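Please read all numbers here as calculations on a predicted model, not as lab measurements.
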Amino acid sequence: MDILAGLNPAQKEAVEAINGPVLILAGPGSGKTRVITHRVAYLIKVTGISPRRIMAVTFTNKAAREMEERLEKLASASVQNITLGTFHAICARILRTDGPAMGIDKKFVIYDDDDQIALIKRSLQDLALDPKQFAPRALQSVISNAKSQMLAPGDLGGKSYFEEVTRRVYERYERLLGDSSALDFDDLLMKTVLLFKQNHDVLDKYQSRYMHIQVDEFQDTNLVQYELVKLLAGKYRNICVVGDPDQSIYSWRAADIRNILNFEKDFPDAKVILLEQNYRSTQLILDAATNVISANRQRKPKGLWTKNEKGEGPYVIETYSEEEEAQWVVNEIDRLVRSGVVKSGDCAVMFRTNAQSRVLEEAFIRYGMAYRLVAGTRFYERREVKDIIAYLRLIQNPNDSVSLMRVINVPQRGIGERSLDELTRWAKDQGVNEYRALQLIADAGDDLPFSPRTVKALAGFAAMLQNLIEKSQELDTVKLFDLVIDKTGYKQYVTGLVDGDERWENIMELRGVAQDFKDMAPEEGLTALLESVALVADVDALPEKTETVTLITLHQAKGLEFPVVFIIGMEEGILPHYKSIDDPAQLEEERRLCYVGITRAKQKVYLVRAFRRHLMGSSNVNKPSRFLEDIPSNLITRGGVIGKEDEWATTYKVSMNEPKQSKELPEFKAGDHVVHEQLGEGVVVSYRRTKNDAEVAVAFDGAGIKRFLLSFAKIEKK
DNA sequence: CGCAAGTACCTTTTT
DNA sequence: GGTACTTGCG
């Protein structure tokens, strides 16, 4: 039984406890993923359970991918028969198959955040409400929260005027979703639960199939998700949930730690297994993390321990500004790499908010150090990508009015704002959706509130769409893709835009995604393509080990580990985030976020803060994060807890600018041939003196144009 | 109707 | 500091 080899007693117990409910509480670095994958492998290989009777649910696509890879190594061929995916993906599949039993259009589209906002704005418009007074974002969040708790519009009380408005918007929004044959993210979960509750045959089908169910990151599940799991496990009760309440960082998305407590209530016979041995971090890092998290009051203490060496405690670093913070990080990574301690791929820089990555990126670019930013501007959020997807969605489901309104005039077809308003109003009067209205207009001819020119434009669009729909019956996804960018005129349109080349490249990248579905039957291929696009937000299915530094948000870092971790912005207002400071519960979540960050580190962790930072234009002086004070000074390897702002000069500090001024900087001019230490030969494109430095842009053969600060870059004339 | 310039607005984390 | 929305002009 080599599947159990190398596991510690607690891990072994967790793998072997396959009968009945199990709750695994797993500390960071305790081999959680290992346990889950080994459990599944054990089920298949040792007890001979058919893979198709196993479901493994994860919270993110990344986690699903990782589990799949690991399982492939352990249990090879049988893996593809396991139902493995995110809650949303699994539910989408169930609804695609059995949704029609409760009146869900088989061809439903999945609306993401942006689509939801568009539809909420439409709802406000329909109800003659002012979007300035009722922020669409806020409404979206309230509606989403309601759905996460299975609340229908009618369940929202009319306690205040705002609630009353929310109820009305929610109602209208649901109506519009239905008219568009669309489901939003929350619907995928909620409707599946409703389907199971309303249709016993369907529930029985799934209950009977799934003999074993595993749920990862259980602390991040919301009420609907837990409900779903309970229903699915209703027959065999072989349910295993794995989580760590200390790493619950998604309560803002309605994740509910109470699910862990309720699990023990709902399954009183549940076996509870603690994984407390940490295999990841040095003792001092683990101690520091434990001290940080222990300050939370709403938690059960845990006995995390490790056999690892004592190692180094956290480094606490203070810099003057956020620019220096970024520069310092880059310098330190460079120093570590040069001294041979680590490779740059071993380093990760983590931050609370995406906005912090900009300054960081600039420093990396200036220095000429390679990095990868995990999901910066997300690929699927780019305008041109969304436009093409909207066309594809329309082909699959022309009722999708958000997509229709999005692209009806992109590229411009002479259908302006006024015509669109009129179209919406007319469709509403006729009691049909926009697509149907277009068809009616194309057929009607006279007697319409549109100018002949507009009628022609609208009819033209309808005819084009109709044609694409017909062609889609026989073309594979790639051929259809090419036809779309050709017939819609998008190709010509996009190449004429200012960043035409870049946008075109993005479209070609999307075409690459379409290629994955090329061999499927036409309709299925399109459905599968759209589903993967809707549910897999990160296009970077990059392998974990890369040769470059990783820049990542603390949230995204959960589940990962790196030898060297930098957490920047260790300041009041950033971490903890200023929006969370007033609310004790939210503050505890910020602390957990900090804990997640520290526990990612194996060897070294740097807690970096800037004395002065620009926020929304103006410059602020921030206090050190309160979380730094939770780390006893004897654990800190360098730096110490930094004092109040006026003591800045007396505390440990790092400053890079001072001695540089006197140094003679080499001068270049455009056209000079130069050599860069890492990037090789290149030609100077521009040269510009700044206050104490000079900025030079160099075009390299392989690497394109890079910009450097001369005081840092190692460039010489050839 | 389309485009350009100007204005007001807002900033957390993601399936 | 960036973007989404508005205004004004051709």
Inset, instruction - Please work out if A:Asp112 contacts a base, only the sugar-phosphate, or nothing of the nucleic acid, heavy-atom cut-off 4.0 Å. - result: nothing
Legend entry - Integer angstrom distance from the P of B:dT13 to that of C:dA4: 15 Å
Inset, instruction - Starting from the 5' end of DNA chain B, give me the residue, A:Phe185 or A:Gly416, whose nearest nucleotide shows up first. - result: A:Gly416
Legend entry - NZ/NE/NH1/NH2 to OD/OE distance under 4.0 Å, A:Glu571 and A:Lys623: no
Inset, instruction - Report which part of the nucleic acid A:Ser419 touches: base, sugar-phosphate, or nothing (heavy-atom distance under 4.0 Å, all strands). - result: sugar-phosphate
Legend entry - A:His555 side-chain proximity, nearest of B:dT15, B:dT13, B:dC3: B:dT13
Legend entry - Interatomic distance where CD1 belongs to A:Ile567 and P belongs to B:dT13 [whole Å]: 16 Å
Legend entry - Per-pair stack call A:Trp252 and B:dT13, 5.5 Å, 30°: yes
Legend entry - Distance, rounded to the nearest Å, where A:Glu589 contributes CD and B:dT14 contributes C1': 13 Å
Inset, instruction - Counting heavy atoms from C-beta on, name the nucleotide in B:dC1, B:dT15, B:dT14 closest to the side chain of A:Arg418. - result: B:dC1
Legend entry - Closest nucleotide among B:dC3, B:dT15, B:dT12 to the A:His88 side chain: B:dT15
Legend entry - Proximity to the side chain of A:Arg352 - top-ranked nucleotide from B:dT13, C:dG1, B:dT15: B:dT13
Inset, instruction - Please work out whether the ring planes of A:Tyr391 and A:Phe461 are parallel, tilted or perpendicular, with thresholds of 30° and 60°. - result: tilted
Legend entry - A:Val242, A:Leu71, A:Thr58 screened by side-chain contact (heavy atoms from CB on, under 4.5 Å) with A:Ile36, the one that passes: A:Val242
Inset, instruction - Could you check how far CE of A:Met350 sits from C1' of B:dT13, rounded to whole Å? - result: 15 Å
Inset, instruction - Select one nucleotide: of B:dT12, B:dT14, B:dT11, the one nearest the side-chain heavy atoms of A:Thr353. - result: B:dT12
Inset, instruction - Determine, using ring centers only, whether A:Phe59 and A:Tyr250 are less than 6.0 Å apart. - result: yes
Could you pull out the protein-nucleic contacts involving nucleotides 5-8 of chain C (nitrogen or oxygen on both sides, under 3.5 Å)?
unit_1, atom_1, unit_2, atom_2, d
C:dC5, OP1, A:Lys121, NZ, 2.5

Inset, instruction - Tell me, please, whether A:Phe108 has A:Arg96 positioned over its six-membered ring: NZ or CZ under 6.0 Å from the ring centre and within 45 degrees of its axis? - result: yes
Inset, instruction - Let me know, please, whether A:Arg413 or A:Leu593 comes out on the 5' side of the other along DNA chain B by nearest nucleotide. - result: A:Arg413
Inset, instruction - Please name all residues satisfying side chain to side chain contact (heavy atoms under 4.5 Å, CB included) with A:Asp256, sequence neighbours left out, ordered by chain then number. - result: A:Leu223, A:Arg258, A:Asn259
Legend entry - Whole-Å distance separating the CG atom of A:Leu360 from the P atom of C:dG1: 17 Å
Legend entry - Residues A:Arg609 and A:Glu325 bridged, charged N to O under 4.0 Å: no
Inset, instruction - To the nearest Å, give me how far apart CG (A:Asp113) and P (B:dT15) are. - result: 10 Å
Inset, instruction - Look at the side chain of A:Gln412 and decide which nucleotide, out of B:dC1, B:dT15, B:dG2, has an atom nearest to it. - result: B:dG2
Inset, instruction - Find the distance A:Tyr493:OH to B:dG2:P and express it as a whole number of Å. - result: 11 Å
Legend entry - Nucleotide nearest A:Lys579 (side chain, heavy atoms from C-beta), chosen from B:dT11, B:dT13, B:dT15: B:dT11
Inset, instruction - Mind checking A:Asn409 for me? I need base, sugar-phosphate or nothing, with any heavy atom below 4.0 Å counting as a touch. - result: sugar-phosphate
Inset, instruction - Starting from C1' on B:dT13, measure out to CD1 on A:Ile574 and report it in whole angstrom. - result: 14 Å
Inset, instruction - Tell me what A:Phe59 touches on the nucleic acid: a base, only sugar-phosphate, or nothing, going by heavy atoms under 4.0 Å. - result: sugar-phosphate
Inset, instruction - Please lay out, stage by stage, how A:Arg393 and A:Asp115 fare under the test salt bridge (charged side-chain N to carboxylate O under 4.0 Å, His left out). - result: CA-CA 12 Å; A:Arg393 279 173 164 192; A:Asp115 302 322; 2.8 Å; yes
Inset, instruction - Measure from the side chain of A:Arg453, starting at C-beta and using heavy atoms only, and say which of B:dC1, B:dG2, B:dT14 lies closest. - result: B:dC1
